[in-house]
2 protein chains.
Amino acid sequence: MKLTILGCYAATPRTITNPTSQLLEIKNRMFLIDCGEGTQVQLRKNKIKFSKINQVFISHLHGDHFYGLIGLISTFSLLGRTTDLHIYGPKGIKEIILLQLRLSNSWTNYGLYFHELESEESETIFEDEKVVVTTIPLKHRVYTNGFLFQEKVGERKLNMDAVLNYEIESCYYQKIKNGKDIALEDGRTIPNSELTFDPIEPKSYAFCSDTVYHEAILPIIDNVDVLYHESTFLESEEGLAQKTLHSTAKEAARIALKANVKQLILGHYSTRYESISLFKEEAATIFSEVALAEDGITFEL
Amino acid sequence: MKLTILGCYAATPRTITNPTSQLLEIKNRMFLIDCGEGTQVQLRKNKIKFSKINQVFISHLHGDHFYGLIGLISTFSLLGRTTDLHIYGPKGIKEIILLQLRLSNSWTNYGLYFHELESEESETIFEDEKVVVTTIPLKHRVYTNGFLFQEKVGERKLNMDAVLNYEIESCYYQKIKNGKDIALEDGRTIPNSELTFDPIEPKSYAFCSDTVYHEAILPIIDNVDVLYHESTFLESEEGLAQKTLHSTAKEAARIALKANVKQLILGHYSTRYESISLFKEEAATIFSEVALAEDGITFEL
């Protein structure tokens, strides 16, 4: 699992920072999460193949999280894309995009599918054979969802020593990987546990931006490997965080601690701060496994 | 008059080039012309004070000319703007912007006025004591206007030698600048022409993007000082220019020649070309006073 931070600052794009967007690579799928203005340029800077993105998840309809979407959709067209594109985001997103396409007398030469969200409960919005994506209802000034990306448990790993020892033919390997016991020709049945190792532990990633400190998300993100939690403000601006329904670095750390996550990544910094190092310092007083998102960096999870 | 090119490439924004946007400074007014994605960052890069922009002119609703507008409007709000902002653009632009503001539960803390255009004839859309702006109906795949910016004739310049010679008191200076003759106490009347010089020749700038070669614009842009005319393609792609209703560099030069303009600036280059120098070479075979727009450069007109 690989996470590339395309932008991790709040509010307005600047020459040196970009609004929210991330690319999550998981089991060879490339999920784009949020799409602030300038995201397509950030994708180019990070040498990410546009054609590999088939799903876009938009947390909420504040500009710093989706103003780059219409441009990306248009660019996909100009680049001759033919593969379907699926957009997951709050109700209204379809109207915004289609209105702009209609008024520019444009259309996509690929299938453009909108999956509009309006539930206040966590729900599964994407699932294939390897990955499940569920929403994390957040509490912000407009309807907002975080997203939980979970790998499914993979197939069991062959214990080759045991398999060769019992002289089992290779045509049975897939069956064994699927967890089946094997009956030998001499009548013995070998239990699967003797022939395999446990599959690789599936990884999970939770994206939570934007939100006030909100313990209701704890059961959904319990034990995730990596949590990205917004920390728009430092403790000195706690009142402002409350007022604007954002979080401080310490509040993000408190959520990470209570949810027992393995690693916390902070981001969505207000552009008022000259340096972001204090975010890590403040969070680390509560939760030690904390890292700072920065535009253009990649986390190998 | 000063023209800053914020972006001058067609289609998609890239790491090294930006879609169309220009800032025209004229008589202390700052007019923003078109606003492709990333324009607000380009404004910052060029150290242009956001608060000085009070009028935005949008030629047409293709993304590379207006996808940056909603972000700019939002940023103006975040920066605490209180001065009115006037948007001039094709019918539909108001619906797009207001829909996005409504769905993000946002509003501007300044007056946001839309002047929607739908006339097929040239019309005056802005006028104050020093500048007039009229539309230049263009021919493109959607409803499109260029814009003609004209300084008004200023007041006459005092001939100080003559004024002092006749011992005219300074309280009469404004009257003289306004063109009035002066009656002296000894009964003589001094004609204004003896007391003043002609005012500085008013300047004009015509912005024409996007359009196919379209001679109908010639009467409107006749004799302008500076013409920016799109040249999306070179002559080798003339067929493509016809098909997409764009112009070649030579066609832009032909328009400049026929309109008897003083200077031609080319822009809106297709991103297919590795270098833009050929645009100048091709145009110069027809019209010699030609310059190339480039992102981030300024023309002192």
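Below, chain A is the first sequence line, B the second, and so on; all start at residue 1.
Surrounding CD of B:Gln242 are at most 12 heavy atoms belonging to other residues, nucleotides or ligands under 6.0 Å away. Few gaps surround CD on B:Glu25; more than 12 heavy atoms of other groups in view lie less than 6.0 Å from it.
Note: B:His60 NE2 to A:Asn105 CG = 11.5 Å, rounded to the nearest 0.5 Å. The distance from the CD atom of B:Glu95 to the CG atom of A:Leu103 is 6.5 Å, given to the nearest 0.5 Å. Taking OG of A:Ser106 as the reference point, atom NE2 of B:His62 lies at 4.5 Å (rounded to 0.5 Å). Within the model, atoms CG of A:Asp64 and OG of B:Ser104 stand 10.0 Å from one another, a figure rounded to the nearest 0.5 Å. A:Phe66 CZ to B:Gln100 CD: the interatomic distance, rounded to the nearest 0.5 Å, is 4.5 Å.
Each of A:Pro19, A:Gly68, A:Gly38, A:Gly63 has some count of heavy-atom pairs under 4.5 Å with chain B, and the biggest count is that of A:Gly38. With chain B as the partner, the residue from A:Arg141, A:Lys91, A:Lys45, A:Arg102 showing the most heavy-atom pairs under 4.5 Å is A:Lys45. Of all the listed residues (A:Leu79, A:Ile96, A:Leu43), the one sharing the greatest number of non-hydrogen pairs under 4.5 Å with chain B is A:Ile96.
Of the two parts of A:Gln42, neither the backbone nor the side chain holds a non-hydrogen atom closer than 4.5 Å to a non-hydrogen atom of chain B. Contact of A:Leu78 with chain B is made through the side chain alone, with heavy-atom distances under 4.5 Å. With a 4.5 Å cut-off on non-hydrogen atoms, B:Tyr143 does not touch chain A at all. With a 4.5 angstrom heavy-atom cutoff, A:Thr15 touches chain B via backbone and side-chain atoms both. Of the atoms belonging to A:Val142, it is side-chain heavy atoms, and not backbone ones, that fall under 4.5 Å from chain B. Looking at A:Thr39, the atoms closer than 4.5 Å to chain B (heavy atoms on both sides) all sit in the backbone: N, CA, C or O. The parts of B:Arg14 that come within reach of chain A are both its backbone and its side chain, each placing non-hydrogen atoms under 4.5 angstrom from that chain.
The shortest heavy-atom contact between A:Gly71 and B:Glu37 is CA-OE1, 3.8 Å.
Between the side chains of A:Thr12 and B:Arg44, at least one donor N or O lies within less than 3.5 Å of an accepting N or O.
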